[in-house]
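What follows is a set of notes on a single structure, which appears directly below.
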Amino acid sequence: MCGIIGYIGKQNAIPILINGLKRLEYRGYDSAGIAFFQDNRIGVRRCAGKIKDLEASIKGEKLKSIAGLGHTRWATHGKPSEENAHPHRAGGIVLVHNGIIENYFELKEELKKKGHVFTSETDTEVICHLIHSYSQNGLNFEDATREALKHVEGAYAVGIINEKEPQKILAVKKDSPLVIGIGKGEFFIASDIPAFLKYTKDVIILDNGEMASITHKGVSISKISNRKPVTKEITKITWSPAMAEKGGYRHFMLKEIHEQPRAIADTIRGRFSLEKAEVNLEEFSMKESDLKKLNKIFLVACGTSWHSALVGKYMIEEMARVPCEVDIASEFRYRKPLIPRGSLVIVITQSGETADTLAAQRESQKLGAKVLSICNVVGSTSSRDADSVFFTHSGPEIGVASTKAFTTQLTGLYLFSIALAKSKGKLGAHEIRELFNELLYLPEKVEQSLRLNNAVLKIAKQFYRVRDFLYLGRGINYPIALEGALKLKEISYIHAEGYPAGEMKHGPIALIDNNMPVLALAPDDNVLEKILSNMEEVKSRGGKLIAVATEGNTKVLSRASHILSLPKTNYYLTPIIFSIPLHLLAYHMAVLRKCDVDQPRNLAKSVTVE
């Protein structure tokens, strides 16, 4: 969640740190701060609130430094305040931290007994004092840091500077994301690549238990535990800086909604052969023999990715006839799951750094299961630690509310389902080519769906003042009702529920009156007549009905006062098409309510703590 940026080079670090923090605003935060060298001392400036507030607070100062650290904090230990904002200091040691220190209270009590005085409520400050304590005992900067971290339990990505060594930044990683940017005579650390993408595309990705010592001369990396040097490859990032900017759109979320045709095209490019009627399994880091052995699949994810998993269950079970279980990652490892031999665990994560998903991934591997990660971020922890990985290639997603990452996850699950079904002998070449043909037309049909923008805006203008909203779906589109409700509640703050339409009479029907808008997903599929019946139930109780239907569906005309018609596609791809107007509706409702669309309150893009 927290954003980290660090710089050492020939330029003035202050504007680079501020710019880097702005590129990380999508992660969600409630305070911000920077640390920098000035006159052989480390200066720290912090504030509760936004980066613009930090900028305003230092506007009158002529700050200049060739090295420094920046941080945006999302409160976990201690309220949002200047005192709890990072960077934190103990003596000459100053650091920024992303993660949670699980044994901070015990460490804090021990340090207090030794005379250390704490000025914040955070767990982070403990690390500062530990390093400072070992420095006072005669250890050098790096050794003091190593010794301190031996006593720290939990997750951390840490950037550290020391007044005694003003030409050095230490960067240390354990279970929280941290990358290093390699520029020309300058170096960066960050919790995510967009922070320094403006300056360099060359990246080193730290692994767990590694420390980077960064000076003006270069980067040296070693194991925290034994000082053993580590040789790392430099990864070339293919994103352009413009891909991480708004590109003329009012908000990142709107830009990313409109990027979905391109994102889906990138996800399917090179992933299958129409002529051979087969999926390129190398793109899943798997072999057909691996698929043939599978007897059961577990789909594990959080939030929007969990909705992808629910759709994936329908795809896999119906195409390949392999049983699936779907788990919310935060519950998975606490229910003592039974994972029989021949099982595959598919973890789905946009960032590849979601703490609960990573914990479920590790638990699965500990129990002997193979893990496939469906992920967007190359070099992320999930993608590196998984046995197999499928990259969605949707490009950087800055808006907190996931859109293009969601639809490309569904695209990846569609390809996996076809591959598994082929390996199990459940689909023949002709059927597979039909599924591929429909996939080839998908970007164009998503583009057509985006042309409903103005129609969706009109609906939003009628309903944006409501307090409650109900979304109904059946079958493979029931998860899309959940997704639509989630998008609405997280960015417009309207209470919304997604419900399986057949369950409406078991509770939610009591809420329906002439003040309750109800959105029904009504594609042309095997449960269309059922959803039409549910719509009649809503209509008869005065509910205001919005229907999202397949083009040419005349049966919804007499039942709904607002109709959004979408291009026809096959059963398995309707969730992708039907997501588009729901994303647009949530966006327009939020804008009309003057909400912060890209950074909704209390939310973060990458949830790197439990």
Non-neighbouring partners of D327 that pass side chain to side chain donor-acceptor pair (under 3.5 Å), sequence neighbours left out = R335

Regarding K108 and the six-membered ring of F118, is the cationic atom NZ or CZ under 6.0 Å from the ring centre and inside 45° of its axis?
-> yes

SB check D175 R362 (cutoff 4.0 Å) | yes

Counterpart residues, salt bridge (Lys or Arg N to Asp or Glu O under 4.0 Å), relative to K287 (two or more places apart) | none

Applying ring-ring contact (aromatic ring centres under 6.0 Å, His included) to Y471 and not counting sequence neighbours gives F469

For K293, all residues meeting salt bridge (Lys or Arg N to Asp or Glu O under 4.0 Å), sequence neighbours excluded = none

Check side chain to side chain donor-acceptor pair (under 3.5 Å) between Y572 and all other residues, then give those that pass, not counting sequence neighbours.
-> none

Taking salt bridge (Lys or Arg N to Asp or Glu O under 4.0 Å) as the test, write out the residues that go with K236, two or more places apart.
-> D202

Could you pull out all residues at least two apart from H88 that satisfy ring-ring contact (aromatic ring centres under 6.0 Å, His included)?
-> H86

From the list K173, R146, K232, K174, salt bridge (Lys or Arg N to Asp or Glu O under 4.0 Å) with E210 holds only for K232

Pairs satisfying ring-ring contact (aromatic ring centres under 6.0 Å, His included), at least one member in residues 304-333, at least two apart | none

Those residues at least two apart in sequence (or on a different chain) that pass ring-ring contact (aromatic ring centres under 6.0 Å, His included) with H132 are none

K313: what forms a salt bridge (Lys or Arg N to Asp or Glu O under 4.0 Å) with it, not counting sequence neighbours?
-> E317

Name all pairs fulfilling the ring-ring contact (aromatic ring centres under 6.0 Å, His included) condition that reach into residues 350-402, sequence neighbours left out, sorted by first residue then second.
-> F284-F390

Residues forming a ring-ring contact (aromatic ring centres under 6.0 Å, His included) with F272, sequence neighbours excluded = F436

